[in-house]
Amino acid sequence: MPELPEVEEATGRLRSAALGKTIVRLRILHPALARRFPARAAAAVAGATIQRIERRGKHQLLHLDDGRTLVVHFRMTGDWEVGRVEEPEPRFARAALDLTDGTRVTLTDPRALATLTLHDAQSAPLPALGPEANDPAFTAEYLGQALAARRGAIKPALLDQRVVAGLGNIYAAEALWRARISPRASARALSLERRRRLVRAIRDVLDRAPGGRYWIGEREARWKVYDREGKACPRCGARIRRITQAGRSTYYCPRCQRS
DNA sequence: GGTCGCCTGGTA
DNA sequence: TACCAGGCGACC
């Protein structure tokens with residue numbers, strides 16, 4: 001589920017369900033997650049109150065009243081499901097936060113790749129991240145600096161969260177289509193004019209994305225190039241092509257997206 | 001930079 | 001049965 005708009009929407013649901021509430025217990029429900037999140041860490045959050053909930057890039061930070069931070073990253077398929085403690089666990093439940101008012105917030109994740117980490121007050125809870133796409137600091141000039149030292153193509157560079165925080169594979173492809181830039185174009189050689197178009201396109205794509213689940217319904221209507229290999233480019237009619245870059249699929253129009 | 005591994009499910 | 005998947009960190 002996770003690119004920025006979807007994470008933002010999920011963070012909103014988490015806030016409604018959990019903000020200001022106290023944790024009865026945190027249960028880790030999947031062995032892969034338990035390996036990375038030991039039982040004693042889970043036990044250690046009992047009794048803490050969730051004071052503030054923040055999103056940064058695709059990370060969600062639950063600031064506890066004792067200064068520690070619980071950080072959640074959905075990776076590919078994570079999501080929150082809100083229910084009551086007396087209800088059965090939803091399918092694909094990987095971790096559950098039981099709260100004192102009887103609310104239960106469950107981390108669901110079919111692929112079990114989502115991460116949950118606990119950070120004490122002193123340690124930095126997040127890796128280095130670039131500006132948010134909607135941050136005024138995310139400009140064509142900034143992008144020029146951020147890309148100046150890179151060797152490769154623009155598309156993999158856009159997935160680097162240190163360049164811009166929150167962009168994922170789908171929206172990176174969609175933004176490049178909007179900006180008419182080939183995903184294989186050299187990142188550091190992009191002109192100012194193309195960087196301007198790209199910054200605008202990234203903002204547009206993220207703004208337009210409905211907060212809901214993008215993998216259910218209306219796919220065809222919503223994606224211009226993503227997952228449309230062999231279909232017609234909505235702008236010029238050429239066949240959309242799929243290539244692999246940095247191990248990920250990239251979809252693009254070979255006619256109207258130029259290097 | 002590119003590739004692999006993490007996990008599991010959905011789909012061709 | 002095989003392939004693909006919205007992410008990302010470790011590794012070359």
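Per chain, numbering begins at 1; letters A, B, ... match sequence-line order.
Per the geometry, CG belonging to Leu129(A) stands 14 Å off P belonging to dG7(C), to the nearest Å. Lys58(A) has its NZ atom 13 Å from the C1' atom of dG9(C), to the nearest Å. Here the P atom of nucleotide dT3(B) and the CD atom of Gln245(A) are 11 Å apart, to the nearest Å. Spacing between atom NE2 of His59(A) and atom P of dG7(C) amounts to 12 Å, rounded to whole angstrom units. Nucleotide dG7(C) holds its C1' atom 12 Å from the NZ atom of Lys155(A), rounded to whole Å. Spacing between atom CZ of Arg162(A) and atom P of dG1(B) amounts to 9 Å, rounded to whole angstrom units. Rounded to whole angstrom, the span from the CG atom of Leu159(A) across to the C1' atom of dG2(B) amounts to 13 Å. Atoms CD1 (Ile170(A)) and C1' (dG7(C)) sit 12 Å apart, rounded to a whole Å.
More than 12 heavy atoms of other residues, nucleotides or ligands shown are found within 6.0 angstrom of CZ on Arg84(A).
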Working note: Asp101(A) + Lys21(A), criterion salt bridge (Lys or Arg N to Asp or Glu O under 4.0 Å); need CA distance, chi angles, decisive distance, verdict. CA-CA 8 Å; Asp101(A) 71 342; Lys21(A) 295 182 186 174; 2.7 Å; yes

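The distance between the ring centers of Phe74(A) and Trp80(A) falls below 6.0 angstrom.
Proximity of His73(A) to the phosphate of dG7(C): no side-chain N or O atom is located under 4.0 Å from OP1 or OP2. Remark: Gln161(A) is not in phosphate contact with dG7(C), judged by side-chain N or O atoms under 4.0 Å from OP1 or OP2. Under 4.0 angstrom from either OP1 or OP2 of dA5(C) there lies at least one side-chain N or O belonging to Tyr251(A).
The side-chain hydrogen bond (donor to acceptor under 3.5 Å, both in side chains) test with Tyr252(A) is passed by exactly one of Arg228(A), Arg184(A), Lys224(A), Arg242(A): Arg184(A). Paired with Leu99(A) under the rule side-chain contact (heavy atoms from CB on, under 4.5 Å), one option of Ile50(A), Thr49(A), Thr22(A) passes, and it is Ile50(A).
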Protein-to-nucleotide contact annotation, 5' to 3' order, nucleotides 4-12 of chain B [B base; S sugar-phosphate only; - none; under 4.0 Å, heavy atom]: --BBBSS--

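Side chain to side chain, Asp109(A) and Thr77(A) meet the donor-acceptor criterion of an N or O pair below 3.5 Å.
Both the sub-6.0 Å distance and the 45° axial angle are satisfied by Arg235(A) relative to the ring of Trp177(A).
dG10(B) and dC8(C) have their C1' atoms separated by 22 Å, with the value rounded to a whole Å. Comparing the same atom, P, in dG5(B) and in dC3(C) gives a spacing of 15 Å after rounding to whole Å. Remark: the separation of the C1' atoms in dC4(C) and dC4(B) is 16 Å, to the nearest Å.
Contact annotation for Thr115(A): no contact, since no heavy-atom pair falls under 4.0 Å across all strands. In this structure, Arg248(A) reaches the bases: a heavy-atom distance under 4.0 Å links it to at least one base atom across the strands shown.
For Arg242(A), the listed nucleotide lying nearest its side chain is dC4(C); candidates were dG7(C), dG1(B), dC4(C). The side chain of Arg151(A) lies closest to dG1(B), out of dG1(B), dG9(C), dC8(C).
When both distances must be under 3.5 Å, the Watson-Crick or G-U wobble mate of dC7(B) does not exist.
Arg203(A) contributes a side-chain N or O that, together with a main-chain N or O of Ala133(A), makes up a donor-acceptor pair within less than 3.5 Å.
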